[in-house]
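Presented below is the structure to which this report refers.
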Amino acid sequence: MIQNDFPGKGKNEEERSLNFIEQIITEDIRSGKNESRVHTRFPPEPNGYLHIGHAKSICLNYGLAEKFNGLYNLRFDDTNPLTEEIEYVDSIMEDVRWLGYDWEDRLYYASDYFEQLYGWAEKLIGKGKAYVCELSAEEISAHRGTPTRPGTESPYRNRSVEENLSLFRQMRNGDFKEGEKVLRAKIDMSSPNMHMRDPVLYRIIHATHHRTGDKWCIYPTYDYAHGQSDSIEGITHSICTLEFEVHRPLYDWFISELEIFPSRQIEFARLNLSYTIMSKRKLLQLVREGHVAGWNDPRMPTISGLRRRGYTPESIRYFADRIGVAKRDNVIDVALLEHSVREDLNKKATRVMAVLNPVRVVLTNYPEGESEEVDAVVNPEMPELGKRKVPFSREILIERDDFMEDPPRKFFRLAPGREVRLKYAYIIKCEEVVKNSRGEITEIRCTYDPLTRSGLPDANRKVKSTIHWVSAPHGREVEVRLFDRLFLKEDPDEVEEGKDFKSNLNPDSLKVTKGYISSGIGNAVTLDKFQFERLGYFCVDPDSTPQKPVFNRTVTLRDAWARIGKNQ
RNA sequence: UGUCCUGUGGUGUAAUUGGCAACACGUCUGACUCUGGAUCAGAAGAGUCCAGGUUCGACCCCUGGCAGGACAACCA
């Protein structure tokens, strides 16, 4: 239902080739595997906010289920009470829902399965496939060897089933201190795959869990919990990122030893975005150290940040679709993300005229004290939305950038002796420039041609350009927040010796300024989107009040003139 | 000096699974335009990491290199 609601998707859907995961699923359906059922899941750990990389995963997992008429779950991977919080659970649900996905009644928590998982652990012990180990964390690590050197077996490895069972039950009972004992699988300490060297299944953590409270003091590790949770839920295709590829043999080992439903793990390459960091740890650091205003700071690549920035769910889903899915490491150009919002907002955003860096223009032949209203379209992409009225008068504000006293050849806008069209209004001609003692332009004096008012029969005289404007007495002052990329470098992690990613922070990533709006924002509420004509897309920030509107710049318009400037 | 994964225009993804490389973003032209936006038309840009091999024919298969990534939490 939400699949085909953005441009570029839909019409060619049939012809588009399948990505490698779709090919696997298509083949599984064809062969009748799992009764040709498709069931996926998105399994976030509630220890941080979701970011655009998670959006890729959500769109992938859920999009696949939709495409193949399957189901999808939301499951919190909450096996570590030390780092997980209910605040994150809530934000994650909000973000997934906002993206446009509905997991219906299929909301699960790994913690729901603790009892089952525990039972299976006893089963492994019974089979002689797991044992209680009393080595310290450091010792276990040392015994594990290195990727190039085999490990050595724990002295506790060959305890009897009975002893393991009673020890494990004591662990559950809380008879031991943290770190004193763990339950490990008994696999192969000389395996070339580190994850098969007797991985830890359970550790003792005397902490209150956000859902199970104090019921448990032993908690399953990721490896022991994740695959089995998939299995319990009947997940057919468990899609995760590349770093879990080496875990797959272990994932399969549990399925085989426990003889449970065989979910299949498939790995894809996580999203990397230029000029952006995606590490939860680093994002948390930016928040904690105050480099940004919070998880939902509009400069953050978090879903909540993008939402506040003015991104739409459709634009993010479109983006996720465009970037594709594969197994090789990739860095997507932020320009594609920006293209995605422009694409969507161009069709949706109400047009409004606003001047952010004003210079006063006086129309010397316009009667003093008078004003009128001109018609402006609400959105040229949707003519059916009709027109809006914009006040016009003798004194107006235009963008300082739209005037040059000594213009270069390719500058089409206002200059001494030159004419431009004031959008929706008249053609004006610059007659005189007024400066202060410092030589700064304080006022531009022009004449207007009354016969050229938009809509009039003789109004269509050719001029080099059309500029936006705001009637000075009618202009409404608003706060505007201009965002730029958070980092100066394409790869923020590329740093000199001894420095970290924060040294690449862009000091000018946020510029707060005043702007003047002509009309048309009405009673705009938080996150309402507008196009400030010729400037970019803006949305109402939650800080906004009716007395003091605040706008965030989502993204600028493509700007050919700016590109000319850059190339010179 | 182990195991696994990956290597296609600037970026990302394709190539119906052996028939001389397509699409998107970006870039650059031009048209149109009361947004230097949008739209439309077009262009440049890779011969598929390298070297062999199989084949009438290889991005695709084989061998050997090279390069990048992942793995040594009681994180996920």
Side-chain angles (χ1 to χ4, degrees), chain A residues 8 12 16-19 23 43-45 47 77 79-80 82-84 133 135-137 140-142 144-151 178-179 181-184 191-197 199-205 218-219 221-223 225-226 240-249 267 269 274 280-281 322-333 335-340 342-343 346-347 351 353 376-377 380-381 410-413 420-425 427 452 454-455 459-460 463-468 531-536 556-564 567:
Chain A
N12 297 324
R16 285 178 59 186
S17 51
L18 303 176
N19 65 49
Q23 287 175 18
E45 184 192 12
N47 69 345
D77 223 336
T79 56
N80 185 355
L82 266 18
T83 56
E84 295 153 8
C133 182
L135 256 24
S136 69
I140 287 180
S141 174
R144 186 143 29 224
T146 70
T148 54
R149 209 159 1 93
E178 280 185 26
K181 290 181 173 52
V182 293
L183 182 73
R184 301 175 69 179
S191 168
N193 183 335
M194 298 290 288
H195 298 278
M196 300 301 270
R197 323 241 264 228
V200 171
L201 270 35
Y202 272 92
R203 61 308 198 187
I204 297 168
I205 303 176
I218 56 172
Y219 290 91
T221 55
Y222 165 84
D223 282 311
H226 196 99
C240 63
T241 46
L242 246 31
E243 65 268 29
F244 294 103
E245 205 154 24
V246 268
H247 293 241
R248 187 164 12 107
E267 312 85 11
S274 60
K280 265 196 209 176
R281 201 197 91 240
R322 287 266 116 7
I323 58 179
V325 189
K327 295 192 72 162
R328 62 183 109 141
D329 294 324
N330 61 83
V331 181
I332 307 286
D333 193 339
L336 183 58
L337 219 212
E338 295 174 347
H339 167 260
S340 303
R342 288 194 188 103
E343 175 91 8
N346 176 47
K347 301 215 163 51
R351 310 290 131 122
M353 288 199 286
V377 299
E381 303 293 320
K410 289 197 160 177
F411 186 83
F412 302 152
R413 285 111 91 150
V420 295
R421 153 84 56 190
L422 293 178
K423 183 143 180 150
Y424 306 124
I427 290 174
T452 58
S454 298
N460 291 326
V463 286
K464 289 270 262 202
S465 79
T466 299
I467 64 173
H468 63 278
Q531 183 196 98
F532 290 0
E533 296 206 50
R534 301 210 307 134
L535 296 177
T556 60
L557 251 32
R558 284 180 91 239
D559 186 347
W561 171 242
R563 270 180 282 143
I564 291 170
N567 294 339

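All values below come from the heavy atoms of this structure, side chains included, with hydrogens, waters and symmetry mates left out. Letters A, B, ... mirror the listed sequences (proteins, then strands); counts begin at 1.
The pairing partner recorded for B:A46 is none, the criterion being a Watson-Crick or G-U wobble arrangement whose two distances lie under 3.5 angstrom. As the counterpart of B:A67, B:U6 is assigned, both hydrogen-bonding distances of the Watson-Crick or G-U wobble pattern falling under 3.5 Å. Within the shown strands, nothing qualifies as a pairing partner of B:U35 under the Watson-Crick or G-U definition with both distances less than 3.5 Å. Partner assigned to B:G18 is none, using Watson-Crick or G-U wobble distances below 3.5 angstrom. Base pairing analysis places B:C61 opposite B:G53; the two distances defining the Watson-Crick or G-U wobble pair are each below 3.5 Å. Base pairing annotation: B:C23 forms a Watson-Crick or G-U wobble pair with B:G12, both donor-acceptor distances under 3.5 Å. In this structure, B:A72 forms no base pair with any nucleotide, since neither Watson-Crick nor G-U wobble geometry is met with both distances under 3.5 Å.
Residue A:Thr221 is in sugar-phosphate contact alone, with no base atom involved, counting any heavy-atom pair closer than 4.0 Å across all strands shown. Across all strands, A:Leu201 comes closer than 4.0 Å to no nucleic acid atom at all (heavy-atom distances). Contact annotation for A:Ser274: no contact, since no heavy-atom pair falls under 4.0 Å across all strands. Looking at heavy-atom distances under 4.0 Å, A:His226 makes no contact with the nucleic acid at all. Within 4.0 Å of A:Ala326, counting heavy atoms only, lie sugar-phosphate atoms of the nucleic acid but no base atom. No engagement by A:Val463 is indicated, since no non-hydrogen atom pair under 4.0 Å with the nucleic acid exists. At a threshold of 4.0 angstrom between heavy atoms, the contacts of A:Glu381 include nucleobase atoms, whether or not backbone atoms are also involved. Among the protein residues, A:Pro380 comes within range of the nucleic acid bases, having at least one heavy atom under 4.0 Å from a base atom. Within the 4.0 angstrom heavy-atom criterion, no nucleotide atom of any strand lies near A:Thr83. Among the protein residues, A:Asp223 comes within range of no part of the nucleic acid, since none of its heavy atoms lies under 4.0 Å from any strand. At a threshold of 4.0 angstrom between heavy atoms, the contacts of A:Phe532 with the nucleic acid are absent. Residue A:Phe244 is in base contact, counting any heavy-atom pair closer than 4.0 Å across all strands shown.
OP1 or OP2 of B:A76 has at least one side-chain nitrogen or oxygen of A:Thr79 nearer than 4.0 Å. OP1 or OP2 of B:C74 has at least one side-chain nitrogen or oxygen of A:Arg144 nearer than 4.0 Å. For A:Thr466 and B:U33, the shortest distance from a side-chain N or O to OP1 or OP2 is not below 4.0 Å. For A:Arg203, a side-chain nitrogen or oxygen approaches OP1 or OP2 of B:C75 to under 4.0 Å. An OP1 or OP2 oxygen of B:A15 is reached within less than 4.0 angstrom by a side-chain nitrogen or oxygen of A:Gln23. The shortest distance between the side-chain N/O atoms of A:Arg558 and the OP1/OP2 oxygens of B:A38 is below 4.0 Å. Contact annotation: A:His195 does not reach the phosphate of B:C71 (side-chain N/O to OP1 or OP2, under 4.0 Å).
Residue A:Met353 comes nearest to A:His468 through the heavy atom pair SD-CB, 3.6 Å, listed as atom of the first residue, atom of the second, then distance.
B:C49 and B:A14 have their P atoms separated by 15 Å, given to the nearest Å. Taking atom P in both B:G37 and B:C25, one finds a spacing of 15 Å when rounded to whole Å. Rounded to whole Å, the separation between the P atoms of B:G12 and B:A44 comes to 23 Å.
Using the six-membered ring where Trp is involved, A:Trp561 and A:Phe411 have ring planes that are perpendicular, over 60° apart on the 30 and 60° scheme.
Judged by distance alone, with hydrogens and angles left aside, A:Gln531 brings a side-chain donor or acceptor within reach of the base of B:U35, the pair sitting under 3.5 Å. Residue side chain A:Arg413 reaches the base of B:G36 through a donor-acceptor N/O pair under 3.5 Å, judged by distance alone. A:Arg563 contributes no side-chain N or O that forms a donor-acceptor pair with the base of B:U27 under 3.5 Å.
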Between the protein and nucleotides 1-7 of chain B, list every N/O to N/O distance that falls short of 3.5 Å.
{"unit_1": "B:G2", "atom_1": "N3", "unit_2": "A:Pro147", "atom_2": "O", "d": "2.9"}

